[in-house]
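The figures here come from the full heavy-atom set of this structure, side chains too, leaving out hydrogens, waters and symmetry mates.
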2 protein chains.
Amino acid sequence: MQEKPNLHQVARLAGVSIASASRALTGQSASAETVRKVRSAAKQLGYVPDATARTLRLGGTRQVVFAVDDIGNPNYVAMLRAIEHELGHRGIRLSVSSTGREMKQTLDLVRSLNVGVADGLIISPIRVTPQLRRALEECVVPVVVIGSLDKEVAIDRVRVNSTKAVEMAVAHLVETGRRHIAFINGPLDTNPGAARQLGFETAASHHALSYSSGHMICADDFTAAAGLAAGNKLIKNLKGAGEPIDAIVAANDLIGVGAISACVGAGLQVPTDVAVTGIDDTEIAAVFNPPLTSVSLRAAKRGRQAAQLLLKRFEEPFRDPELLTVDPVLKVRASTLPPQPEGTY
Amino acid sequence: MQEKPNLHQVARLAGVSIASASRALTGQSASAETVRKVRSAAKQLGYVPDATARTLRLGGTRQVVFAVDDIGNPNYVAMLRAIEHELGHRGIRLSVSSTGREMKQTLDLVRSLNVGVADGLIISPIRVTPQLRRALEECVVPVVVIGSLDKEVAIDRVRVNSTKAVEMAVAHLVETGRRHIAFINGPLDTNPGAARQLGFETAASHHALSYSSGHMICADDFTAAAGLAAGNKLIKNLKGAGEPIDAIVAANDLIGVGAISACVGAGLQVPTDVAVTGIDDTEIAAVFNPPLTSVSLRAAKRGRQAAQLLLKRFEEPFRDPELLTVDPVLKVRASTLPPQPEGTY
DNA sequence: TTGTATGCGTTATCAT
DNA sequence: ATGATAACGCATACAA
């Protein structure tokens with residue numbers, strides 16, 4: 001931890017003007033001799049140009065913030081990696097903010113961008129209030145949203161049809177012989193929660209599945225712990241109440257693994273007694289016991305596209321907002337093996 | 001996305017000097033009337049003071065970076081949350097950098113702090129080269145290290161005895177009747193890897209465990225996927241080679257859950273045939289199938305302490321460097337239930 | 001090519 | 001209490 005020399009001192013040591021020193025270092029017109037002297041002086045002093053001053057002069061922090069509700073969710077980590085990769089090439093630093101469930105924190109964050117700490121924002125909110133929408137619209141720096149926005153709004157966005165993702169999960173379960181399917185959703189007041197709820201109800205009626213309200217339950221959170229708690233509650237609710245379930249659709253992988261744990265804890269075999277599906281196809285799905293069938297929402301791809309959208313807007317600030325859509329993909333694993341293996345009879 | 005007004009425009013609209021405007025907003029001496037006019041003008045224009053200019057004038061970015069190798073590791077997420085919580089109160093933004101396995105990236109990051117993008121650094125590196133140590137020593141902003149540093153160096157640090165953590169895991173396994181214990185470590189050229197290796201060998205000799213080199217294997221990474229691959233390899237190695245194992249100590253939870261998957265895939269029951277322990281006590285441990293016994297390294301506590309250390313150094317820049325140590329705690333779960341339940345015979 | 005001088009937006013110092 | 005002005009560190013338009 002030492003003191004930081006400035007350009008003035010470098011110039012003095014090199015015996016040139018501060019302007020020449022600046023040019024020699026930034027690679028403008030300067031004589032070979034000057035460049036040599038300045039470089040040497042800079043190295044000797046350990047000079048590094050100050051980012052703040054440079055930013056003030058040039059405009060642009062070369063920094064972007066990525067805001068999510070819960071960075072503990074592997075789904076967001078996948079986005080993060082993709083974004084970092086895309087932006088890192090351009091020498092843009094990524095600042096990650098895990099805003100938590102408090103809407104106020106999210107609002108503060110978005111508004112704080114107006115002070116000029118970053119050149120852009122990529123945000124993936126699970127709850128979108130009118131306030132947040134306004135804050136995003138009024139943001140002084142370009143914004144890219146990963147996810148839903150309820151109302152159409154003039155903001156670059158990349159989305160995925162998670163309603164369809166749930167439908168795919170249900171269809172897969174029906175195809176592999178399941179008929180009594182329960183649904184563990186996340187909180188209904190979130191966008192993903194609402195979309196997935198719609199997906200389940202649509203699929204259930206499409207396949208003429210009989211299900212009571214007892215078959216649907218909401219976890220308090222999109223986490224494994226909440227999934228475990230919800231799973232336990234679901235099993236308790238169903239105990240001795242009519243026909244037992246033979247499958248569970250979980251709103252994401254974390255809830256899904258929690259649900260499996262709940263089943264196992266209750267003496268239910270997965271997939272023999274009950275099949276379980278997740279959503280997101282996070283790393284944990286492939287390595288869980290049993291491996292979890294999941295519908296990939298292409299988090300990495302969405303992250304990459306969001307970063308590209310932001311980069312594009314930097315270059316063309318007044319371009320019309322773009323909406324990119326990616327399609328979900330089903331990944332079948334052992335958690336949905338048919339109760340009687342196909343081809344056996 | 002609108003244009004950003006500056007203080008000059010606010011002052012003009014309010015009909016006062018720029019100096020008065022500044023004072024009215026920052027709460028210095030100003031008449032009630034002036035404050036009213038300026039506030040009103042600022043609100044009308046949507047004025048927000050520019051962070052860059054303020055930083056340049058005042059010094060201090062009110063931003064701290066947290067650098068880890070892999071933000072996908074829940075262990076670091078726990079630290080992140082704690083740090084964010086501690087720093088957020090003081091209005092300090094946290095910028096997260098996932099440097100990846102490339103040492104060059106880490107070096108670049110540390111050096112980039114010298115340009116003044118942040119006021120401090122909290123770093124938890126798994127590999128520490130002499131270069132990195134030098135870069136940390138020479139950093140112009142305060143640094144706090146979570147983890148090891150090999151050689152003693154004048155930097156604030158919080159550590160945990162992970163050697164002892166492995167010893168605790170082994171002791172627990174021995175106490176619950178296991179004698180043939182394998183060890184799946186992470187890469188040996190990392191600090192955690194080296195410390196845990198020492199822990200296992202110490203414990204093995206202390207308990208007079210007979211183990212061959214075939215009982216020890218290193219995963220390529222501290223991830224679940226690498227743990228799965230290493231687990232498969234371990235099981236293959238051991239097949240038909242003398243006495244079978246009855247327990248696996250994994251270098252962290254992710255490797256641990258990967259190892260369980262490998263066991264299950266090979267038809268081995270956990271914990272009946274083989275017990276498995278992890279380290280870190282991450283969220284996944286509690287919800288895995290079976291729940292994973294793990295030694296907590298108190299990630300949240302270490303994160304909190306690191307943040308406090310940094311805050312302290314901000315206030316007293318020349319205080320002697322401090323070294324805080326937290327103790328590991330064993331969390332027993334179903335993955336190490338005794339083969340024959342205790343008290344049964 | 002080189003040096004002088006100005007401005008980026010803010011806050012602090014100094015008179016008034 | 002208020003206004004003019006300097007300064008933070010850098011990059012550049014302009015003159016030499």
With rounding to the nearest 0.5 Å, note down the distance linking CG in D156(B) to NZ in K312(B).
8.5 Å
What residue pairs, at least two apart or across chains, pass ring pair (Phe, Tyr, Trp, His ring centres under 6.0 Å) with a residue in residues 115-158 of chain A?
none
Holding to side chain to side chain donor-acceptor pair (under 3.5 Å), I want the full list of residues that pass it with S17(A), two or more places apart in sequence or in another chain.
S20(A)
Where chain A begins and ends its contact with DNA chain C, read 5' to 3' at 4.0 Å from heavy atoms
dT1(C) to dG9(C)
Would L121(A) and V144(A) satisfy side-chain contact (heavy atoms from CB on, under 4.5 Å), going step by step from the backbone distance to the final call?
CA-CA 6 Å; L121(A) 168 68; V144(A) 177; over 6 Å; no
Only counting residues at least two apart or in another chain, list the ones meeting salt bridge (charged side-chain N to carboxylate O under 4.0 Å, His left out) with R133(A).
D150(A)
For H85(B), enumerate each residue passing the ring pair (Phe, Tyr, Trp, His ring centres under 6.0 Å) test, keeping only those at least two apart in sequence or located in another chain.
H89(B)
Give a yes or no on this: more than 12 heavy atoms of other residues, nucleotides or ligands lie within 6.0 Å of atom CZ of R304(A).
yes
For DNA chain C, which residues of residues 54-63 of chain B approach it to below 4.0 angstrom with any heavy atom?
R54(B), R57(B), L58(B)
Identify, with sequence neighbours excluded, every residue that meets salt bridge (charged side-chain N to carboxylate O under 4.0 Å, His left out) alongside R81(B).
D70(A), E283(B)
Expected list for residues 40-49 of chain A near DNA chain D, using heavy atoms below 4.0 Å, is Y47(A), P49(A)
Check every strand shown and say whether T34(B) touches a base, only sugar-phosphate, or nothing at a heavy-atom separation below 4.0 Å.
sugar-phosphate
Quickly, which of T190(B), T106(B), N191(B), D189(B) forms a side chain to side chain donor-acceptor pair (under 3.5 Å) with R127(B)? Name it, please.
D189(B)
Taking only residues two or more places apart in sequence or in another chain, which ones pass salt bridge (charged side-chain N to carboxylate O under 4.0 Å, His left out) with D221(B)?
none
Using rotation axes that map the C1' atoms of four end pairs onto the next four (five pairs an end), what angle separates the end axes of the helix from dT1(C)-dA16(D) to dT16(C)-dA1(D), to 10°?
50°
Salt bridge or not for E322(A) and R313(A), using N-O below 4.0 Å?
no
Does a salt bridge link D50(A) with R54(A), judged by any charged N lying under 4.0 Å from a carboxylate O?
no
In residues 15-31 of chain B, what residues come within less than 4.0 Å of DNA chain D, judged by heavy atoms?
V16(B), S17(B), A19(B), S20(B), R23(B), S29(B), A30(B), S31(B)
Begin with the C-alpha distance, continue with both residues' side-chain angles, and end with the deciding distance and a verdict on side-chain contact (heavy atoms from CB on, under 4.5 Å) for R93(A) and L109(B).
CA-CA 10 Å; R93(A) 299 175 48 83; L109(B) 170 71; 3.6 Å; yes
Rounded to the nearest 0.5 Å, how far apart are CD of E86(A) and CD1 of I83(A)?
9.5 Å
I'd like to know if D119(A) and R62(A) make a salt bridge, using a cut-off of under 4.0 Å between side-chain N and carboxylate O.
no
Using a heavy-atom cut-off of 4.0 Å to chain B, what are the terminal contacting nucleotides of DNA chain D, in 5' to 3' order?
dA1(D) to dG9(D)
Check whether the side chains of T55(A) and T52(A) place a donor and an acceptor atom closer than 3.5 Å, and report yes or no.
no
Is a salt bridge present between R36(A) and E33(A), judged by a nitrogen-to-oxygen distance below 4.0 Å?
yes
